[in-house]
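Here is the naming used below: chain letters follow the sequence lines, and residue numbers restart at 1 for every chain.
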Amino acid sequence: VTRSEASSASASASASGTIRAVGKPATGRLDFDDVFSEHSDYVIRSLERLGVRRRDLEDVAQDVFVALHGRLEGYEAGRPIRPWLFAFAFRAAGNYRRLARNRREDVDRMGTELEPRNDGSSSPEDEVLRAEQRSLLLAALEALDLEHRAAIVLVDIDGASPRDAADALGIPVNTIYSRVRNGRRKLREAIETMADGRGGRR
Amino acid sequence: MSEPLEPPPDDLFALYEGERWARPGVEVDKAQLLARVKAVIGGAGPGSGSGPDSGSGPGTGSETAGAGAGAGAGAALSGGASSMTAALGTKAAIAIAMSSLAIGGVGGAMIDRALGPEREVVREVVHEVVRVEVRDAEEAPAVPPAPPDAPRVEPAPAPEGPITVTPREERALEETARPSTLAAERRLLDAARAARARGRDADAESAIARHRRRFPDGALAEERDVLSIEILVASGRVDEARREADELERRHPDSLYNARIARLIAGAERAPRTSTPEE
């Protein structure tokens, strides 16, 4: 409709300090505060998807941003920023899970922690539905090891290209392909198992 | 080069879809987080205007009105199949699961299989739930928008939000100050997604059209265009989807979404919507 007006002016949004959510900043030099304010949600969400328990999110996010702060130079101008950020989250989630106490012995963590969030734009029922759907996916992701999980999250959920994902994680693109494929299969199996459990009588 | 990755199968795709736009499941205090980070990295100079306010970038969830709405339901519902079912009673829980999964099909189908004879009863419950929601949505007076960027200490009185944004709401949103622009944008897109999740594509498209009119170059313009393309593909209008995708790629050649959109469209072209791609 007004698509033509919506042209390249999107760059002006960046001028006001907004690094576009999925785009890239105009210059190579990243400003830490900008990165934090624009992408802290993405980082936190990624950690959550990588299996960091909700009560630990803030701690692990702190680790991510501290690490990131020392590596701003490592960001290559012109590359999409999210996969680059994701790699930090991936490493932090790996460290987190290596600590024995954080191994996933409490598989039903979702059961006690997920609650609908409402911003007033949708009915409580909507929020409940969304929370339930998220809960299903996040619980199913628990069935995957971190590598497969990361591939699914970065490529399938975030929509990163396999090439960008491979570069960010420092692995061959063929490995990304196979991790995504295997990850999907495992994910589906987990969902089916959960749905069977859910539908069954008790 | 090995062969490119197939698009995800429809059932997973639907779940991804909901997750992609989800806000974090818990509210992390950004100001506190930033303060902690800065404490570790040594203050990083006072140049940081990053007080509590600048902590809220796009999608910070600053629009969240606390857990007020449906918090009761939330606590009970909180997820894991067993606790949810126990708290709600099997039928209600399954009804909710089914309707939430209706777009994906997989959950519905699987639950169908597992349910057997109870299926019809559950279907009725689902329909009842949907009817009630629709009625609520239609009858609800135009609710004043939750103050978008207000500190969300007190649980807002949980408006029964209609799934579309009424003109009155829009005006109210417009009158509010600048910082709420993002919230207004997000609200429209949330409305579009909520409508879509209920299979009301027309409502979704109208919310998208309104976003396009009001925020042609908004901070969430790219998200909007992607959502629009996804709806077009889902409803089989592949040609339109391709046109929009070309436009999106022209405007944002580096968008992370381009690859995904290309896969999505390629998948739609290869197979009609009804068959799921082979794994």
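By the 6.0 Å contact criterion, CZ on A:Arg91 is enclosed, its count of non-hydrogen atoms from other residues, nucleotides or ligands being greater than 12.
In this view, A:Asp59 and B:Arg36 satisfy the side-chain hydrogen bond (donor to acceptor under 3.5 Å, both in side chains) rule, not counting sequence neighbours. In this view, B:Arg193 and B:Asp190, B:Glu223 satisfy the salt bridge (Lys or Arg N to Asp or Glu O under 4.0 Å) rule, not counting sequence neighbours.
B:Leu5 CG to A:Arg179 CZ: the interatomic distance, rounded to the nearest 0.5 Å, is 13.5 Å. Atom CD in A:Glu58 sits 11.0 Å away from atom CD in B:Glu27 (nearest 0.5 Å).
Nearest heavy-atom pair, B:Leu15 versus A:Leu137, reported as atom, atom and distance to 0.1 Å: O-CD2, 3.8 Å. Here the shortest heavy-atom pairing between A:Arg184 and B:Pro7 reads NH1-O, 3.6 Å. Across all their heavy atoms, A:Arg188 and B:Pro9 have their closest contact at NH2-CB, 3.3 Å. In terms of heavy atoms, B:Lys30 sits closest to A:Ser40 at CD-OG, 3.4 Å. Taking every heavy atom of both residues into account, B:Arg20 and A:Asp156 meet most closely at NH2-O, 3.3 Å. In terms of heavy atoms, A:Phe65 sits closest to B:Val37 at CB-CG2, 3.7 Å.
Only the side chain of A:Ile152 comes within contact range of chain B, judged by heavy atoms closer than 4.5 Å. Both the backbone and the side chain of A:Val155 have a heavy atom closer than 4.5 Å to some heavy atom of chain B. Looking at A:Asp164, the atoms closer than 4.5 Å to chain B (heavy atoms on both sides) all sit in the side chain, from C-beta outward.
Side chains of B:Lys38 and A:Asp33 form a contact here, defined as non-hydrogen atoms less than 4.5 Å apart. When side chains are defined from C-beta on, B:Leu12 counts as touching A:Ile191, because their heavy atoms get closer than 4.5 Å.
Using a cutoff of 4.0 Å between basic side-chain nitrogens and carboxylate oxygens, A:Arg45 and B:Glu19 are not scored as salt-bridged.
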